[in-house]
Amino acid sequence: MPKVTAINHVAVVVDDMEKSLSFWRDALGMNLHELRDVPAEKSQVAFLPLAGAEVELVMPTSDDSGIAKYLAKRGPGMHHICLEVDDILGMLAKLKEKNVRLINEEPRTAADGKHYAFIHPESTGGVLVELYQV
Ligand code: CO
């Protein structure tokens, strides 16, 4: 039986990285582990690890990226929550069986080799959910 094993990260879309870091890093005092450009996604991402999980801040670096379109439509805010699973193929099969609406029917592979897939907010109570098999 495929299982959810952890919260991997929570992603927040921001329109101003420095302003956002003045809250997450400077006011809350969380550690900024890495701030990096992701040219493939036309975005800049900040990683703030915490207790085995991570808060990720994502800012578009181009107007034609998926994340820029999201920002234009909905404004800054919560983007998705990512759950680790021990068997992503098994989990996707189980969700399909339960008529959960998936964005990715098949897992995709990230540059770092992780397998991931998104679940449509319509089936989750309004939150985009990402599944990760590390
Ligand atoms: Co994510």
Side-chain angles (χ1 to χ4, degrees):
M1 196 66 154
K3 276 195 297 289
V4 176
T5 53
I7 292 179
N8 185 282
H9 60 269
V10 170
V12 176
V13 180
V14 307
D15 56 359
D16 181 336
M17 186 59 83
E18 272 315 306
K19 189 174 150 215
S20 203
L21 285 173
S22 74
F23 169 69
W24 292 94
R25 178 192 56 199
D26 305 336
L28 277 181
M30 288 180 68
N31 174 43
L32 174 62
H33 173 70
E34 197 185 0
L35 181 61
R36 110 166 101 94
D37 281 312
V38 186
E41 305 285 345
K42 296 178 183 170
S43 62
Q44 186 183 50
V45 186
F47 297 95
L48 300 103
L50 181 70
E54 234 167 21
V55 172
E56 295 182 7
L57 308 176
V58 186
M59 184 186 75
T61 51
S62 156
D63 283 344
D64 62 349
S65 64
I67 212 78
K69 282 172 197 147
Y70 182 96
L71 186 62
K73 199 168 161 195
R74 297 194 178 77
M78 179 76 198
H79 187 257
H80 67 267
I81 178 165
C82 177
L83 304 174
E84 273 179 43
V85 294
D86 59 354
D87 170 12
I88 194 166
L89 281 172
M91 184 60 82
L92 289 172
K94 183 173 132 187
L95 293 174
K96 267 186 243 180
E97 204 180 281
K98 293 186 181 296
N99 295 313
V100 171
R101 184 169 167 198
L102 303 174
I103 292 174
N104 309 114
E105 300 257 332
E106 306 294 333
R108 311 186 82 184
T109 305
D112 61 2
K114 280 179 196 142
H115 300 292
Y116 67 95
F118 283 95
I119 305 171
H120 199 281
E122 188 185 280
S123 294
T124 66
V127 181
L128 181 61
V129 175
E130 181 179 23
L131 301 177
Y132 246 11
Q133 184 178 331
V134 181

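Each ligand, and each atom within it, is numbered from 1 in the order the structure gives. No hydrogens, no waters, no symmetry mates; every other heavy atom, side chains included, goes into these values. As the structure is a prediction and not an experimental result, all values here were calculated from the model. Throughout, numbering of the chain's residues begins at 1 and tracks the sequence.
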Could you pull out the N/O/S protein atoms under 2.8 Å of the Co ion (ligand 1), ignoring any water? His9 NE2, His80 NE2, Glu130 OE1
Any donor-acceptor pair under 3.5 Å linking the side chain of Ser20 with the backbone of Met17? no
Does the side chain of His79 come under 3.5 Å of the side chain of Glu56 through a donor N or O and an acceptor N or O? no
Tell me if the centroids of the rings in His9 and Tyr132 come within less than 6.0 Å of each other. yes
Can you tell me which residue pairs pass the salt bridge (charged side-chain N to carboxylate O under 4.0 Å, His left out) test with a partner in residues 107-126, sequence neighbours excluded? Arg101-Glu122, Asp112-Lys114
Quick check on Asp63: does its CG atom have over 12 non-hydrogen neighbours (other residues, nucleotides or ligands) under 6.0 Å away? no
Just verifying a value: how many Å separate Glu130 CD and Glu84 CD, rounded to the nearest 0.5 Å? 10.5 Å
